[in-house]
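In what follows, a single structure is set out as structure tokens and then discussed.
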Amino acid sequence: MGMNTQGRPTTPDAVTSAGNEAHTFTGNRGLDHEEALIFESGSLAKTGVDLPEPKSAETRLGGLARKGPIGLPGLTEPETMRHYVRLSQRNYAIDTGLYPLGSCTMKHNPRLNEKMARLPGFGDIHPLQPQQTVQGALQLMQMLSAYLLELTGMKAVALSPKAGAHGELCGMLAIRAAHDAAGSKRNIVLVPESAHGTNPATAAFMGYTVRSIPAREDGTVAAAAVREALGPDVAAIMLTNPNTCGLFEPEVVEIAKAVHEAGAYFYCDGANFNAIVGKVRPGELGVDAMHINLHKTFSTPHGGGGPGSGPVVLSDALAKYAPVPFVVRDGDGLRLVEDAGDAEAQGQAPFGRLTAFHGQMGMFVRALTYMMSHGADGMRQASEDAVLAANYVRAALRDLFSQPFGDQPCMHEVLFDDRFLKDTGVTTLDFAKAMIDEGYHPMTVYFPLVVHGAMLIEPTESESKDSLDLFIATLRDLAEAAKRGDVDRFKQAPRLAPRRRLDETRAARQPKLRWQPDTARKEAAE
Amino acid sequence: MGMNTQGRPTTPDAVTSAGNEAHTFTGNRGLDHEEALIFESGSLAKTGVDLPEPKSAETRLGGLARKGPIGLPGLTEPETMRHYVRLSQRNYAIDTGLYPLGSCTMKHNPRLNEKMARLPGFGDIHPLQPQQTVQGALQLMQMLSAYLLELTGMKAVALSPKAGAHGELCGMLAIRAAHDAAGSKRNIVLVPESAHGTNPATAAFMGYTVRSIPAREDGTVAAAAVREALGPDVAAIMLTNPNTCGLFEPEVVEIAKAVHEAGAYFYCDGANFNAIVGKVRPGELGVDAMHINLHKTFSTPHGGGGPGSGPVVLSDALAKYAPVPFVVRDGDGLRLVEDAGDAEAQGQAPFGRLTAFHGQMGMFVRALTYMMSHGADGMRQASEDAVLAANYVRAALRDLFSQPFGDQPCMHEVLFDDRFLKDTGVTTLDFAKAMIDEGYHPMTVYFPLVVHGAMLIEPTESESKDSLDLFIATLRDLAEAAKRGDVDRFKQAPRLAPRRRLDETRAARQPKLRWQPDTARKEAAE
Amino acid sequence: MRYLPLEQAEREAMLARIGVPAVDSLFAGVPADKLLKELPNLPRTKGELEVERELSNMAARNVAAGSVPFFVGAGAYRHHVPATVDHLIQRSEFLTAYTPYQPEISQGTLQTLFEFQTQVALLTGMEVANASMYDGSTACGEAVLMAHRLTRRKKAVVSGGLHPHYRSVVETLSHWGGSHVVALAPDPTGTEDIISQIDDETSCVVVQYPSVFGTVRDLAPIAEAAHAKGALLVAVVTEIVSLGLLKPPGEMGADIVAAEGQSIGNGLNFGGPYVGLFATREKFVRQMPGRIAGETVDAEGRRGYVLTLSTREQHIRREKATSNICTNSGLCALAFTIHMTLLGEAGLTRLARINHANAVSLADALAKIGGVEVVTPAYFNEFTIRIPGDAQKTIDALARKGVMGGVPVSRLASGRGEVRDLIIVASTEINTDEDRAAYVKALQEVL
Amino acid sequence: MRYLPLEQAEREAMLARIGVPAVDSLFAGVPADKLLKELPNLPRTKGELEVERELSNMAARNVAAGSVPFFVGAGAYRHHVPATVDHLIQRSEFLTAYTPYQPEISQGTLQTLFEFQTQVALLTGMEVANASMYDGSTACGEAVLMAHRLTRRKKAVVSGGLHPHYRSVVETLSHWGGSHVVALAPDPTGTEDIISQIDDETSCVVVQYPSVFGTVRDLAPIAEAAHAKGALLVAVVTEIVSLGLLKPPGEMGADIVAAEGQSIGNGLNFGGPYVGLFATREKFVRQMPGRIAGETVDAEGRRGYVLTLSTREQHIRREKATSNICTNSGLCALAFTIHMTLLGEAGLTRLARINHANAVSLADALAKIGGVEVVTPAYFNEFTIRIPGDAQKTIDALARKGVMGGVPVSRLASGRGEVRDLIIVASTEINTDEDRAAYVKALQEVL
Ligand SMILES: Cc1ncc(COP(=O)(O)O)c(C=O)c1O
Ligand SMILES: Cc1ncc(COP(=O)(O)O)c(C=O)c1O
């Protein structure tokens with residue numbers, strides 16, 4: 001069995017018992033259907049659209065018309081529908097079950113949000129149509145900004161970042177611009193070991209050198225450690241708070257102070273904002289920049305990997321460096337400031353532009369719908385419930401599972417390590433796969449990297465007590481089974497999913513990244 | 001094993017092998033979740049809506065305010081979403097696979113239809129709002145009527161019937177009214193043995209006596225047999241054409257003539273219209289009344305059992321008896337005629353009213369969307385493809401399966417009986433259940449009643465050749481397995497569905513038709 | 001054509017396999033002179049964009065209820081339906097399934113029907129309910145026929161408070177089915193003397209609650225009187241939200257409840273599809289029309305659901321069936337069930353209170369207009385006003401001012417001079433203070 | 001609150017189980033003086049009806065593209081998206097899933113990503129593609145950085161035909177990342193001399209095809225010149241439909257294609273979410289940013305898909321990753337794939353021809369107006385006109401007449417006097433003859 005450095009197995013063991021005894025002629029299993037690729041089932045002549053013949057065949061393509069086929073198969077509409085419906089049925093989703101993926105905040109995605117985003121007045125407007133025809137859209141952006149500023153206690157917000165990592169880039173560029181304006185050439189960014197990969201990647205992407213800060217015994221960062229690492233070359237610290245171990249950084253205020261005293265800035269990764277909305281204002285902790293994942297905290301759907309939206313709130317010190325575009329009041333109306341010249345005329349010094357247009361408007365509508373629906377009271381309650389749920393899971397499992405940093409309250413997610421599996425022969429990955437058979441999506445595993453065999457559980461506020469209780473009972477049953485030596489239940493898992501364990505090593509060693517006619521045929525013959 | 005008269009088993013045999021070996025703590029099986037009733041998971045205090053407190057508590061209820069709780073559980077929105085999404089995943093549907101349910105025309109349901117039906121101008125108008133504010137709706141009804149009349153070659157259409165059986169009632173009432181107007185008191189209706197149950201039920205519902213007409217060896221009705229059964233007491237014949245054996249009645253024109261000569265009317269059950277749209281006009285065959293299932297032929301979705309829509313086209317002789325309401329041209333606009341007095345002023349003699357409002361407007365929009373999308377050419381092609389597909393299945397199975405009426409072309413559905421299973425120990429029901437494991441919805445079984453162990457297969461025009469080929473190969477594999485004596489594959493089926501065979505006898509003998517707190521608790525304890 | 005997967009070459013290969021030269025060979029059963037060559041009078045295939053454009057233009061010729069102050073009821077009500085409901089009913093697995101004939105792969109539909117039946121029974125205060133009828137009016141018609149079967153009598157006494165269109169449905173079925181209807185005169189105030197009409201030949205009394213005029217009255221004395229004569233009480237409800245606040249018919253002795261369920265989960269749709277609710281006493285269940293889902297177990301002993309008691313139904317019993325109904329209103333029932341689950345007891349009762357409060361405040365505001373009188377003494381979310389003038393003309397004039405003011409009684413009961421000045425006015429949770437003010441202002445202007 | 005399942009009594013029971021007296025005990029890590037007691041400046045919980053009303057009012061203050069003759073492009077295009085697409089992407093299993101970290105229960109997402117990657121590779125004429133970027137502009141920025149990594153050089157030569165906002169994104173990343181950009185002047189006609197700018201320090205040449213002005217020009221000579229100097233060609237496509245008709249960049253020697261995929265499957269959405277397409281040569285794959293789905297087998301030997309080559313990515317490689325991207329544009333990629341599957345080769349090529357024909361006919365009609373000149377020699381569905389007057393003012397005047405006439409170049413490239421009279425005009429399949437006539441008429445009136 002191959003393993004990576006976090007102890008995560010990458011190649012499945014050979015299967016000794018079939019997941020499911022009954023074999024079928026079609027390969028289908030009742031309601032679960034095997035589905036070919038469109039490249040195998042479609043044809044170049046088939047189409048699922050009816051379009052009129054163009055009125056004229058005259059071309060003005062400068063001689064650059066395509067010659068020969070593209071090779072794109074089509075399917076008629078009924079075939080397309082069935083293909084994607086069947087494929088969808090092979091996914092787990094929040095709507096189908098508890099999705100305790102730590103750091104991802106898989107909360108309920110209200111359908112009202114979807115409906116609002118599809119109002120023609122929001123969904124069917126062009127980013128470059130005349131501004132007097134999109135005043136409602138600009139108003140929505142302003143209202144969203146006002147909510148975000150009120151919730152974070154910050155000074156300004158840049159709406160255009162397209163996801164969390166893009167937000168990190170935005171915040172760090174603002175910091176860079178501020179240093180630059182001050183004539184400083186600092187080149188180091190402090191990042192705690194437990195940080196998400198996007199933090200060091202963002203810093204490096206901008207040419208910064210990453211200096212790692214170790215965590216304390218209790219999973220948090222000591223102000224002393226930060227102070228020690230600070231120096232005239234340090235541009236910023238990127239600190240996640242609540243951190244990726246599910247803990248609120250108790251010395252965050254001292255850390256902020258130390259950072260500021262050293263002439264650096266405090267970038268806060270706000271991925272875990274869901275723990276503290278309406279409870280704590282990051283601005284009051286000394287944060288200079290923080291991204292907010294609207295696709296986590298504010299319920300815009302993950303969509304199988306995106307789109308997200310990562311607005312960045314900025315402190316007084318950084319506000320003027322916010323990128324274009326941004327919305328300003330202009331007489332009776334609102335106006336987008338789209339270029340540096342215009343921005344400078346407004347007294348701003350934008351560090352530049354992050355994307356072609358104004359950000360993820362579709363996500364803004366959804367997030368604002370969420371905020372208006374919850375209201376101040378609902379958002380506070382949501383955070384409290386999220387924290388309550390995580391601690392409930394923690395309390396109910398603490399006797400069987402191992403908490404890496406001792407028995408202390410957590411925020412909205414609870415972290416376990418794999419010590420409780422010691423000598424059972426069951427790994428964190430095995431444990432995760434066994435959860436699949438029981439109808440659960442596994443928690444985040446092997447992250448954060450600071451603990452061995454990490455299991456990071458974030459139930460969110462969207463689960464009922466019954467749901468949490470069944471989840472707890474199942475995890476207990478699994479833990480007991482592992483301790484009892486029922487190793488097969490784990491090693492063979494998943495048996496009941498559409499696929500058993502997939503060979504990731506093979507995928508990486510012999511990459512097949514697209515369909516190829518020959519390969520596919522050869523395989524079919526195998 | 002209990003059996004009904006058509007040889008359909010009603011109690012499952014005891015299971016000797018489990019469908020699926022891996023047992024789980026939760027009862028879930030990977031992506032398939034067990035789901036409690038809302039009465040078990042919800043509570044009276046929970047709600048998934050936020051409503052403001054009413055401004056005033058003053059009541060004018062005449063002392064009839066409810067006392068005590070209703071007992072209706074609520075769930076919050078995320079719980080509701082998950083509950084119904086999970087339940088939905090326990091259904092088979094056209095969108096998930098071939099649905100060869102004979103007589104039901106399970107064709108593709110375009111999503112454009114759904115979108116059009118939800119335009120506020122169609123979906124959000126009240127049946128009794130001023131008529132000048134619904135001119136577009138009346139226009140749509142007229143346009144739908146024009147399509148139906150052109151396709152059927154008839155004189156008038158009554159749009160209000162809510163489904164096929166309601167349409168039968170409509171047509172038969174028009175016939176009754178015509179006889180009545182002529183002073184005739186005829187009390188017998190001829191119905192072939194192979195007719196759908198709604199035909200005799202409709203006739204009886206109106207107080208008619210049903211006289212059965214036997215089918216010939218070849219599965220069709222002989223004009224001679226009809227002539228023989230006709231007489232001065234016969235009000236009408238209810239004939240399905242194409243018939244429920246999947247055959248076009250070859251003597252339909254003679255039958256119509258005989259019926260008319262005897263002073264009776266020809267009601268045609270149009271459930272199978274999908275075979276002949278654009279190919280044959282029922283009006284040219286001598287039909288006096290025919291219902292059209294918009295939820296079959298014209299693709300409005302079945303919705304797990306409805307709603308349907310059953311407009312009835314009428315001949316010259318019956319047109320004046322059409323029920324209210326109907327649309328007439330009035331000056332520049334259109335107008336609904338809603339009561340008998342108004343109708344009589346228009347020269348009509350409506351037999352009455354079938355429903356409170358104007359029919360299934362939502363279905364009208366969908367059906368018209370379908371018709372406009374297909375166009376004349378598309379509708380003809382659809383019928384041809386439907387007939388072609390059924391005959392393709394027939395040709396590919398004829399060597400292994402048994403055709404009750406010899407090897408002759410069928411229309412849009414092909415009928416087999418269970419002679420090919422003779423002495424295998426496998427019944428039609430077993431065969432159907434084994435199809436479930438293979439990922440197919442069974443065909444219609446044990447209907448029509450005129451053949452033993454009937455299997456009525458209607459693939460529709462919505463299947464690709466690949467899909468038909470896999471279906472055929474699967475049915476062949478199953479037939480061979482049955483003949484080979486692999487009885488377990490059938491008796492144990494379905495093994496891979498969310499449930500194994502359900503005990504219908506118990507359901508009928510000890511009816512539990514609603515949730516009851518005590519029963520449920522007792523059972524849970526069992 | 002985008003919906004047809006067969007390609008031309010495939011069609012030919014299939015014909016070859018069948019062994020016929022052309023598709024028309026398969027239509028050999030059709031008399032040759034009846035086989036059409038084409039359909040010249042209809043347009044040809046159109047793409048989505050074109051179809052959408054044409055239909056959107058048609059839709060734009062209607063005034064959507066949501067775009068104006070809206071007070072139209074009389075059997076169909078505009079309520080707010082949560083986005084979740086419409087999303088869920090559009091899921092392929094619900095939308096594109098057939099009637100659950102194969103229960104092993106239809107547990108989704110079957111369990112929701114079981115939930116639906118239980119909700120309907122609870123709400124109406126009855127013991128059992130079926131899996132839906134077409135709509136309230138056909139449920140009403142079937143209720144009368146069921147009463148006839150149960151009592152072996154043939155006379156229905158129908159209240160003047162029953163929706164005139166419902167009455168027409170009952171009359172149509174009765175007229176042609178050979179039974180009688182005694183229909184009382186329109187009764188806006190709920191003061192008719194229906195009890196004296198009940199005799200030994202009466203199979204049932206049909207009373208709407210609240211009545212088409214909005215009036216609420218106690219059904220218990222009617223039920224008692226009916227039962228004393230061996231007759232049944234059929235209670236009809238067209239605004240099911242009312243039962244969130246009102247005593248249910250079952251508590252007042254109703255034997256059958258026939259109701260329109262549109263208000264919960266379903267839009268106005270210009271009159272359909274809606275969903276008929278049908279509930280009765282357990283002892284009457286074998287005479288109940290329509291499908292019923294029941295609980296049972298599977299071969300492994302796990303709980304599951306099936307369609308049951310089908311020996312009442314046409315596909316088994318043919319001419320002896322309790323009804324000819326086959327396809328019912330499954331998806332609308334699902335919408336009802338999902339919306340009702342979202343509401344729950346807490347939401348439904350509050351929703352009902354809001355509706356009532358809105359109606360009360362509108363009634364008070366309208367009553368202040370000179371010459372306008374609220375004639376309904378007790379009501380839920382709908383009441384009737386008498387105006388100094390012609391109701392139909394007034395409603396049309398209001399519409400021209402962009403207010404949908406209700407239903408003129410004369411539209412429902414034409415030919416009855418005494419109702420010419422009556423308007424049925426409904427107010428639900430969708431109406432705002434501004435809507436009500438707009439109504440009052442417009443009515444003052446047009447009177 | 002309707003989204004929060006915990007009831008008060010349950011909260012208390014849970015606190016008891018945890019062993020703390022109140023929820024704030026769980027916030028003990030927060031400095032006491034920082035814990036808020038309330039959020040006084042924000043409104044409280046609102047029901048759906050109220051939220052919907054407020055947001056609908058806001059939406060109504062915008063002019064929807066579909067409600068007027070609409071000719072705005074310049075990086076985002078209004079196309080007709082079949083209803084099936086939006087239906088499918090809203091399925092719970094697609095919409096509410098996370099990134100497919102657990103492949104056994106994410107095959108739906110993974111197989112569609114594999115299909116997406118193949119479609120993108122075919123369309124662009126490249127060997128491999130990733131599973132999406134945020135949008136075309138960030139894909140373009142990443143492409144430049146990737147070229148820097150591959151060539152170990154730090155200078156990008158950027159065509160004057162590149163969308164000015166894309167150029168700004170590249171400049172922003174370059175400025176702060178320590179690399180250089182040589183940007184050419186706006187080039188409506190595609191006649192700039194970019195080849196002479198390529199030198200031995202050039203890592204890549206960035207050329208948009210068709211250009212932001214709509215101009216189509218051959219990339220092969222540029223690719224050759226770049227390759228001769230050891231530089232790469234980055235081709236940028238903002239109107240992906242054009243590749244249904246135009247020679248793909250891969251055939252002309254492009255090394256990286258960065259494109260905006262919004263036109264297929266995705267609406268305008270005021271600028272986002274969109275979907276960045278990113279394709280390159282197989283040999284460069286280990287420097288490619290973003291997620292990639294790959295084929296493999298499961299423990300029973302059945303074909304399946306996983307995320308692969310993740311050693312390029314931030315979650316494995318951290319500061320050594322090829323990019324910091326994590327969440328990408330999955331659902332928009334799904335919409336792209338579904339729409340592309342519906343189109344297929346036959347549909348896409350016809351769609352492209354219709355777009356081109358519509359643009360040609362609009363260009364001819366506009367060119368007939370006195371003083372108006374079409375400056376783009378060869379184009380797909382977008383071209384640039386020179387008008388006698390100020391472009392911004394003209395566009396605003398057209399908007400007041402209810403016509404959205406395009407994008408004034410000055411809005412994109414402010415401060416450049418020479419473009420003041422240029423308008424970028426797009427015409428897709430959504431435009432009718434009436435739309436074009438309305439444009440011509442309105443433009444004549446305002447000029
Ligand atoms: C702690 C943390 N930071 C940053 C990110 C990156 O956010 P995004 O995926 O939106 O780019 C994530 C997302 O997984 C995260 O969990
Ligand atoms: C032949 C036939 N007739 C009539 C009907 C009744 O139609 P509906 O279910 O729409 O009432 C059916 C439907 O199954 C049928 O197959």
Side-chain angles (χ1 to χ4, degrees), chain B residues 12 15 44 47-49 54 62 71-72 74 87-88 90-95 119-121 124 126-128 130 133 136 162-163 165 197 200-202 204 210 248 303-308 352-353 356-358 360-362 375-376 378 384 392 395 409 464-465 497 499-500 503 507 512 514-515, chain C residues 1 5 10 14 18 23 26 29 39 42 44-45 58-59 61-64 72 91-93 96-97 99 104-105 107-109 118 134 137 165 168 172 269-273 294-296 298-299 304 308 314-315 318-319 321 324 327-331 342 344-347 353-354 357 378 399 407:
Chain B
V15 171
L44 300 197
T47 179
V49 299
L72 283 170
L87 286 182
S88 79
R90 303 193 137 196
N91 272 3
Y92 193 96
I94 308 172
D95 282 354
L119 291 172
D124 190 27
H126 190 288
L128 297 175
T133 67
K162 300 234 146 189
T202 300
V210 173
F248 193 93
R353 167 182 282 276
F357 303 118
H358 330 311
Q360 306 284 62
M361 179 67 175
E384 290 181 359
Y392 183 63
S464 68
K465 183 164 177 298
R499 282 291 176 272
R500 303 194 68 184
D503 191 340
K512 286 192 202 171
R514 59 176 281 193
W515 179 80
Chain C
M1 205 277 142
E10 292 175 329
M14 289 164 71
I18 298 165
V23 75
L26 302 172
L39 281 170
L42 294 175
R44 298 176 62 84
T45 304
M58 235 182 265
R61 297 185 59 218
N62 303 320
V63 179
V72 187
R91 277 185 63 81
S92 290
E93 296 89 335
T96 77
T99 302
E104 298 87 353
I105 47 174
Q107 287 297 304
T109 296
T118 308
Y134 304 135
S137 67
H165 289 172
S168 296
T172 300
N269 289 318
F270 201 47
E295 187 186 312
T296 186
D298 80 350
T308 192
Q314 47 74 25
H315 65 280
R318 302 177 71 83
E319 60 267 33
N324 73 339
T327 293
N328 56 25
S329 207
L331 200 72
L342 282 168
E345 180 109 10
R353 288 193 290 121
I354 295 170
V407 179

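Numbers restart at 1 for each chain; the letters A, B, ... are given by sequence-line order, proteins then strands. FYI, side chains are in, hydrogens and waters are out, and symmetry mates aren't considered; it's all heavy atoms of this structure.
Using a 4.5 Å cut-off between heavy atoms, C/Met58 touches chain B through backbone and side chain atoms alike. Contacts between B/Val49 and chain C at a heavy-atom distance below 4.5 Å involve backbone atoms as well as side-chain atoms. Heavy atoms of C/Val407 lying under 4.5 Å from chain B belong exclusively to its side chain. The contact between C/Thr308 and chain B is made entirely by side chain atoms (from C-beta outward), counting heavy-atom distances below 4.5 Å. When heavy atoms are compared at a cutoff of 4.5 Å, B/Leu119 approaches chain C solely by way of its side chain, counted from C-beta outward.
With sequence neighbours excluded, the residues forming a side chain to side chain donor-acceptor pair (under 3.5 Å) with C/Ser92 are B/Asp95, B/Arg111, listed by chain and number. Scanning for side chain to side chain contact (heavy atoms under 4.5 Å, CB included) contacts around C/Thr172 gives B/Leu173, B/Phe351, B/Arg353, C/Trp176, with sequence neighbours left out.
Chosen from B/Ala497, B/Gly74, B/Pro200, B/Gly62, the residue pairing most often with chain C at heavy-atom distances under 4.5 Å is B/Pro200. Looking only at heavy-atom pairs under 4.5 Å with chain B, the residue among C/Ala357, C/Gly294, C/Ser329, C/Ala399 that has the most is C/Ser329. By number of non-hydrogen pairs under 4.5 angstrom with chain B, the leading residue of C/Arg353, C/Arg91, C/Met14, C/Gln107 is C/Met14. Ranking B/Ala356, B/Pro409, B/Gly352, B/Ala163 against chain C, the residue ahead of the rest is B/Ala356, based on heavy-atom pairs under 4.5 Å. Of all the listed residues (B/Gln360, B/His358, B/Arg90, B/His126), the one sharing the greatest number of non-hydrogen pairs under 4.5 Å with chain C is B/His126. Interface remark: of the candidates C/Ser137, C/Pro273, C/Gly304, C/Pro273 forms the most heavy-atom pairs closer than 4.5 Å to chain B. When the candidates B/Ser464, B/Ser88, B/Pro130, B/Gly375 are compared by the number of heavy-atom contacts under 4.5 Å with chain C, B/Ser88 comes out ahead. The most heavy-atom pairs under 4.5 Å with chain B, out of C/Gly344, C/Ala378, C/Ala59, come from C/Ala59. Heavy-atom pairs under 4.5 Å with chain C peak, among B/Ala201, B/Ala204, B/Gly308, at B/Ala201. Taking chain C as the reference chain and counting heavy-atom pairs below 4.5 Å, the highest number among B/Gly304, B/Pro54, B/Gly362 is found for B/Gly304.
Between the CD1 atom of C/Ile105 and the CG atom of B/Asn91 there is a distance of 9.0 Å, given to the nearest 0.5 Å. Once rounded to the nearest 0.5 Å, the distance linking OG1 of B/Thr202 with CZ of C/Arg318 reads 11.0 Å. Here the CD-NZ distance, from C/Glu295 to B/Lys512, works out to 4.0 Å after rounding to the nearest 0.5 Å. The CE atom of B/Met361 sits 6.0 Å away from atom CZ of C/Phe270, with the distance rounded to the nearest 0.5 Å. Rounding to the nearest 0.5 Å places CG of C/Leu26 at 9.5 Å from CD of B/Glu384.
C/Thr296 and B/Asp503 form no side-chain donor-acceptor contact under 3.5 Å, judged by distance and modelled atom types alone.
The shortest non-hydrogen separation linking C/Ala97 to B/Ala93 is N-CB, 4.0 Å. Taking all atoms of both residues into account, the shortest heavy-atom contact from C/Ala346 to B/Thr47 is CB-CB, 4.4 Å. When all heavy atoms of B/Gly136 and C/Asn62 are compared, the pair lying nearest together is N-OD1, 2.7 Å. Closest non-hydrogen pair, C/Glu104 versus B/Arg500, comes out as CG-O, 3.4 Å.
The backbone N or O of B/Trp515 sits less than 3.5 Å from a side-chain atom of C/Thr118, completing a donor-acceptor pair. In this structure a side-chain-to-backbone donor-acceptor pair under 3.5 Å is missing from C/Thr96 to B/Gly303. Listed for the C/Asn324 side chain is a donor-acceptor partner under 3.5 Å among the backbone atoms of B/Ala165. A side-chain donor-acceptor contact under 3.5 Å links C/Glu345 to the backbone of B/Gly71.
When side chains are defined from C-beta on, B/Pro307 counts as touching C/Leu331, because their heavy atoms get closer than 4.5 Å.
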